[in-house]
Asker: 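Please read through the structure below; I'll follow up with questions.
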Amino acid sequence: MTRKQRATPSAADIQSAAHRAAFRRAIIQWFRRAARPVSWRGTKDPYAVWIAEIALQQTRVEQGTPYIERFLHRFPDVRALASADLDEVLKLWEGLGYYARARNLHAAARRIVDDRSGRMPASATEWLDMPGVGRYTAGAIASIAFGEAAPVLDGNVKRVLARLIDLDQSIDDPKVTERLWELMDSLVKGASPGDFNQGMMELGAQICTPSAPGCLVCPVQKFCHAHTAGTVPSRPLRRAKAATPHYDVVIAAIRKNGRYLVGKRPPGGLLGGLWEFPGGKVKTGETHAAALRREISEELGIRITIGEHVATVDHAYSHFSVSLHVYRCEHRSGKAAPRAHTELRWVAKKDFSALAFPKANHKFLDLL
Ligand code: SF4
């Protein structure tokens with residue numbers, strides 16, 4: 001039988017109870033057989049599931065797993081996390097990015113201990129009340145830890161669903177996203193919702209990948225409309241991305257008596273609570289030296305002598321990219337005041353490892 005001749009469900013059929021049940025079974029059976037064996041999977045402890053789900057937002061399983069293991073080892077329960085210093089939590093998160101996740105974990109742990117006597121939220125609705133927990137994370141924790149039929153929808157699941165129903169609209173459209181939530185809501189209802197949700201995510205990560213999906217070994221190929229129609233390469237449709245801005249940033253590694261001046265970023269916003277070397281964006285037409293003098297004067301109120309260029313490193317964030325131009329500088333005069341930071345410290349190089357720095361700073365620390 002050719003691909004065109006095979007009897008496959010119509011787009012409406014996935015809405016029929018019989019097809020939903022068959023599809024769910026195929027996903028769950030495949031997940032139990034083929035899920036990647038990672039240490040944190042299999043637990044129903046809501047605390048551990050929560051930590052893993054937060055760490056894996058925007059992060060690949062291979063990258064996030066060592067962080068999850070270290071985090072659970074150091075903070076084995078919500079009371080341990082709540083009583084920790086935020087600096088230590090950020091240090092453990094160092095390198096994983098999206099530091100608001102770590103700050104929110106810490107804030108939520110304190111709320112659970114202070115307001116709920118340490119009792120973990122036990123439903124998607126209760127989880128949605130916690131800082132840093134959105135619809136996806138609430139559904140993942142509630143379904144995995146408590147067996148609640150709550151849906152999840154992340155990038156992987158969106159891609160699988162768009163191919164499954166051969167969706168000819170952009171998955172970036174909020175109305176389409178809402179429709180996909182409804183579809184997941186109808187699919188997740190039944191036995192083992194946690195395994196079903198994880199199976200959908202795992203299928204997107206392992207088989208129904210963005211490019212070159214493994215349709216030949218896909219456990220739900222017979223349900224897939226894009227496969228039948230031959231439209232897999234063009235699914236899902238995406239809205240054209242706006243070009244991400246790029247900034248040139250000058251960084252001053254200011255030395256005095258063998259120590260470097262570093263500042264702690266304010267708690268909210270990008271990289272909040274992390275330590276960094278002072279500096280800032282180069283304005284149009286400005287030389288690096290002029291930008292350094294201006295930024296250091298504005299941020300710290302001191303004067304410096306600019307020395308050799310140490311390195312230029314590139315780093316990409318989700319919505320912009322930077323080139324960091326790092327200069328060795330000597331302190332000349334003035335007492336540094338924390339105008340752009342919550343705290344300043346003069347730190348010996350051997351003590352850098354005690355502070356949490358953004359990943360971009362790590363790219364030049366060893367060169368100082
Ligand atoms: Fe994805 Fe191919 Fe499976 Fe369809 S058949 S769900 S496109 S891997």
Asker: For the residue pair Y317 and H319, is the inter-centroid distance of their aromatic rings smaller than 6.0 Å?
Answerer: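 Ring-ring flag for Y317/H319: false, centres at least 6.0 Å apart.
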Asker: Honestly, is R70 close enough over Y67, meaning NZ or CZ under 6.0 Å from the six-membered ring centre and within 45° of the axis?
Answerer: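 Yes, a cation-pi geometry holds between R70 and Y67.
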Asker: Per the salt bridge (charged side-chain N to carboxylate O under 4.0 Å, His left out) rule, which among K281, R293, R294 passes with E286?
Answerer: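 Of K281, R293, R294, salt bridge (charged side-chain N to carboxylate O under 4.0 Å, His left out) with E286 is met by R294 alone.
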Asker: Should side-chain heavy atoms under 4.5 Å link Ile, Leu, Val, Met, Phe, Trp and Tyr, which residues sit in the same cluster as Y327?
Answerer: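 Noted: Y327 shares its cluster with V250, I254, L261, V282, L292, I296, L300, I302, I304, I306, L344, W346.
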Asker: Looking only at the aromatic ring of each residue, does the gap between the centers of F71 and W93 stay below 6.0 angstrom?
Answerer: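 When the ring centroids of W93 and F71 are compared, they turn out to be within the sub-6.0 Å range.
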Asker: Look at atom CZ of R303 and say whether more than 12 heavy atoms of other residues, nucleotides or ligands are closer to it than 6.0 Å.
Answerer: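 It does not: R303 CZ has 12 such atoms or fewer within range.
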Asker: R135: which residues meet the salt bridge (Lys or Arg N to Asp or Glu O under 4.0 Å) condition with it, sequence neighbours left out?
Answerer: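 Result, salt bridge (Lys or Arg N to Asp or Glu O under 4.0 Å) vs R135: E178.
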Asker: Tell me if a side-chain donor or acceptor on R339 pairs with a main-chain N or O of S297 at a distance below 3.5 Å.
Answerer: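 Between the backbone of S297 and the side chain of R339 there is a qualifying donor-acceptor contact (under 3.5 Å).
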Asker: Is it possible for you to say whether I251 and V313 belong to one hydrophobic cluster, with membership spreading through side-chain heavy-atom contacts below 4.5 Å?
Answerer: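 Yes; tracing contacts between hydrophobic side chains, which count when under 4.5 Å, links both residues.
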Asker: Quick one: salt bridge (Lys or Arg N to Asp or Glu O under 4.0 Å) partners of D87, sequence neighbours excluded?
Answerer: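 D87: salt bridge (Lys or Arg N to Asp or Glu O under 4.0 Å) contacts with K264.
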Asker: Specify the closest pair of heavy atoms between T342 and P338, including all atoms of both residues, with the distance to one decimal.
Answerer: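 Nearest pair, atom of T342 first, then P338: C-CB, 4.4 Å.
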Asker: Would a 4.5 Å heavy-atom cut-off, applied to side chains only, mark T312 and V326 as touching?
Answerer: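 Heavy-atom side-chain distance check fails, nothing below 4.5 Å.
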Asker: With a 4.5 Å limit on heavy-atom distance, are the side chains of V61 and W40 in contact?
Answerer: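 Yes, side chains in contact.
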Asker: Taking everything shown except R179 itself, do over 12 heavy atoms lie less than 6.0 Å from its CZ?
Answerer: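 It does not: R179 CZ has 12 such atoms or fewer within range.
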Asker: Considering only heavy atoms from C-beta outward, does the side chain of C329 approach that of T305 to under 4.5 Å?
Answerer: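 C329 does not reach T305 side chain to side chain.
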Asker: Could you check whether any side-chain heavy atom of V89 comes within less than 4.5 Å of a side-chain heavy atom of L105, counting everything from C-beta outward?
Answerer: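 No, every pair of side-chain atoms sits at 4.5 Å or beyond.
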Asker: When hydrophobic residues are tied together by side-chain contacts of less than 4.5 Å, even through go-betweens, does I144 share a cluster with V38?
Answerer: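 Yes; V38 is reachable from I144 via cluster members.
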Asker: So which heavy atom on P278 is nearest to which on E299, and how close?
Answerer: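 Minimum heavy-atom contact is CB-OE1, 3.5 Å.
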Asker: Can any side-chain N or O of W30 pair as donor or acceptor with the backbone N or O of P219 at less than 3.5 Å?
Answerer: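 Side chain of W30 to backbone of P219: no pair is present.
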Asker: Apply the test salt bridge (charged side-chain N to carboxylate O under 4.0 Å, His left out) to residues E276 and R265: give CA-CA distance (whole Å), side-chain angles for both, the deciding distance (0.1 Å), then the verdict.
Answerer: CA-CA 7 Å; E276 66 176 7; R265 291 176 67 95; 2.9 Å; yes
Asker: Strictly by side-chain hydrogen bond (donor to acceptor under 3.5 Å, both in side chains), give each pair with a member in residues 152-163 just once, sequence neighbours left out.
Answerer: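 Qualifying pairs, neighbours excluded: N156-R159, K158-T177.
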Asker: For R235, enumerate each residue passing the salt bridge (Lys or Arg N to Asp or Glu O under 4.0 Å) test, keeping only those at least two apart in sequence or located in another chain.
Answerer: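 Salt bridge (Lys or Arg N to Asp or Glu O under 4.0 Å) check on R235 returns D166.
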Asker: Looking only at non-hydrogen atoms, find the nearest pair between A84 and F75 and report the distance.
Answerer: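 Taking every non-hydrogen atom into account, CB-CE2, 3.4 Å.
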Asker: Which residues pass the side chain to side chain donor-acceptor pair (under 3.5 Å) test with E126, sequence neighbours left out?
Answerer: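 E126 satisfies side chain to side chain donor-acceptor pair (under 3.5 Å) with R116 once adjacent residues are dropped.
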Asker: Side chains of L161 and L187: does their closest heavy-atom pair fall under 4.5 Å?
Answerer: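 When only atoms from C-beta onward are counted, L187 and L161 do touch, with a gap below 4.5 Å.
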Asker: Do the side chains of L86 and I112 join up, straight or via other hydrophobic residues, at under 4.5 Å, putting them in one cluster?
Answerer: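 Linked, L86 and I112 end up in one cluster.
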Asker: Would you check if L90 and L274 make a side-chain contact, meaning some heavy-atom pair closer than 4.5 Å?
Answerer: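 The answer is yes, as the side chains (C-beta and beyond) meet within the 4.5 Å cut-off.
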Asker: Listing request: all side-chain hydrogen bond (donor to acceptor under 3.5 Å, both in side chains) pairs with a residue in residues 48-57, at least two apart in sequence or in separate chains.
Answerer: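 Output for this query lists E53-Y136, Q57-T137.
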Asker: Using 30° and 60° as the class limits, which term best fits the ring planes of F223 and F23: parallel, tilted or perpendicular?
Answerer: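 Perpendicular: the ring planes of F223 and F23 meet at over 60°.
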Asker: Do you reckon V78 sits in the same ILVMFWY cluster as I141, going by side-chain contacts under 4.5 Å, direct or chained?
Answerer: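 Yes, V78 and I141 fall within the same hydrophobic cluster.
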Asker: Are a donor atom and an acceptor atom from the side chains of Q206 and E202 found within less than 3.5 Å of each other?
Answerer: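 There is such a pair between these side chains.
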Asker: Does R328 have any salt bridge (Lys or Arg N to Asp or Glu O under 4.0 Å) partners at least two apart in sequence or in another chain, and if so, which?
Answerer: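 R328 satisfies salt bridge (Lys or Arg N to Asp or Glu O under 4.0 Å) with E308 only.
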Asker: So that I know where these two stand, are F357 and F277 an aromatic pair - ring centroids less than 6.0 Å apart?
Answerer: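 Yes - the distance between ring centres of F357 and F277 falls below the 6.0 Å cut-off.
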Asker: If you define the side chain from C-beta out and look only at heavy atoms, does anything of D314 sit under 4.5 Å from S321?
Answerer: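 Of all side-chain heavy-atom pairs linking S321 with D314, none is under 4.5 Å.
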Asker: What pair of heavy atoms forms the shortest contact from S318 to T244, and how long is it?
Answerer: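 Heavy atoms of S318 and T244 come nearest at O-CG2, 4.3 Å.
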Asker: Could you walk me through whether R239 and D173 pass the salt bridge (charged side-chain N to carboxylate O under 4.0 Å, His left out) test, one step at a time?
Answerer: CA-CA 8 Å; R239 189 184 294 151; D173 179 339; 5.2 Å; no
Asker: Go through the side-chain N and O atoms of H315 and K363 and say whether any donor and acceptor fall under 3.5 Å apart.
Answerer: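 A pair is found: one side chain offers a donor N or O, the other an acceptor, under 3.5 Å apart.
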Asker: Is V152 reachable from I207 through a run of hydrophobic residues whose side-chain heavy atoms are each under 4.5 Å from the next?
Answerer: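 Per the 4.5 Å side-chain linkage, I207 and V152 are co-clustered.
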Asker: Does any part of the side chain of E88, heavy atoms only, come nearer than 4.5 Å to the side chain of R74, both counted from C-beta?
Answerer: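 Contact flag for R74/E88 side chains = yes.
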Asker: Measuring from atom CG of L203 to atom CD of Q198, what distance do you get when rounded to the nearest 0.5 angstrom?
Answerer: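 Rounded to the nearest 0.5 Å, the CG-CD separation comes out at 13.5 Å.
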Asker: For H362, what residues pass the ring-ring contact (aromatic ring centres under 6.0 Å, His included) criterion, not counting sequence neighbours?
Answerer: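 ring-ring contact (aromatic ring centres under 6.0 Å, His included) check on H362 returns nothing, list empty.
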Asker: Rounded to the nearest 0.5 Å, what separation is found between the CE atom of M200 and the CG atom of N197?
Answerer: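 It is 8.5 Å, given to the nearest 0.5 Å.
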Asker: Return the minimal non-hydrogen interatomic distance between A340 and P266, and the atom names on each side.
Answerer: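 Smallest interatomic distance, heavy atoms only, reads O-CD, 3.7 Å.
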Asker: Do any pairs count as a ring pair (Phe, Tyr, Trp, His ring centres under 6.0 Å) and have a residue in residues 244-264, sequence neighbours left out, and if so which ones?
Answerer: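 The answer is Y247-F320, Y260-F352.
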Asker: Ignoring hydrogens and geometry beyond distance, is a side-chain donor-acceptor pair present between T59 and R101 at under 3.5 Å?
Answerer: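 Present: a donor and an acceptor within the cut-off.
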Asker: Please tell me whether S143 and E148 have a donor and an acceptor in their side chains that are separated by less than 3.5 angstrom.
Answerer: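 Not at all, the side chains of S143 and E148 share no donor-acceptor pair under 3.5 Å.
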Asker: May I ask you to check whether S192 and R24 show a side-chain donor-acceptor distance below 3.5 Å?
Answerer: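 No pair is found: no donor N or O on one side chain lies under 3.5 Å from an acceptor on the other.
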Asker: Evaluate the criterion salt bridge (charged side-chain N to carboxylate O under 4.0 Å, His left out) for residue pair R36 and E62; output intermediate values, then yes/no.
Answerer: CA-CA 10 Å; R36 288 164 291 179; E62 302 74 31; 2.9 Å; yes
Asker: Ignoring hydrogens and geometry, is there a side-chain-to-backbone donor-acceptor pair from N104 to A100 under 3.5 Å?
Answerer: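 Yes, because the side chain of N104 sits within donor-acceptor range (under 3.5 Å) of the backbone of A100.
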Asker: Between E343 and R345, is the salt bridge (charged side-chain N to carboxylate O under 4.0 Å, His left out) condition met? List the steps.
Answerer: CA-CA 7 Å; E343 190 183 336; R345 276 190 207 167; 3.0 Å; yes
Asker: Tell me, which pairs form a ring pair (Phe, Tyr, Trp, His ring centres under 6.0 Å) where one or both residues lie in residues 144-167, sequence neighbours left out?
Answerer: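 Listed by first then second residue: nothing to list.
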Asker: Would you compute the distance between atom CG of L72 and atom OG of S39 and round it to the nearest 0.5 angstrom?
Answerer: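 Nearest 0.5 Å value for the CG-OG distance: 8.0 Å.
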Asker: How close do T43 and V49 get, heavy atom to heavy atom, and via which atoms?
Answerer: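 So the two residues come closest at O-CG2, 3.7 Å.
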Asker: Taking side chain to side chain contact (heavy atoms under 4.5 Å, CB included) as the definition, give me every residue that meets it alongside R110, ordered by chain and number, with sequence neighbours left out.
Answerer: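 With neighbours one apart ignored, the set is A82, H106, D114.
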Asker: Is K349 atom NZ crowded by more than 12 heavy atoms from other residues, nucleotides or ligands, each under 6.0 Å away?
Answerer: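 Count over threshold, so yes.
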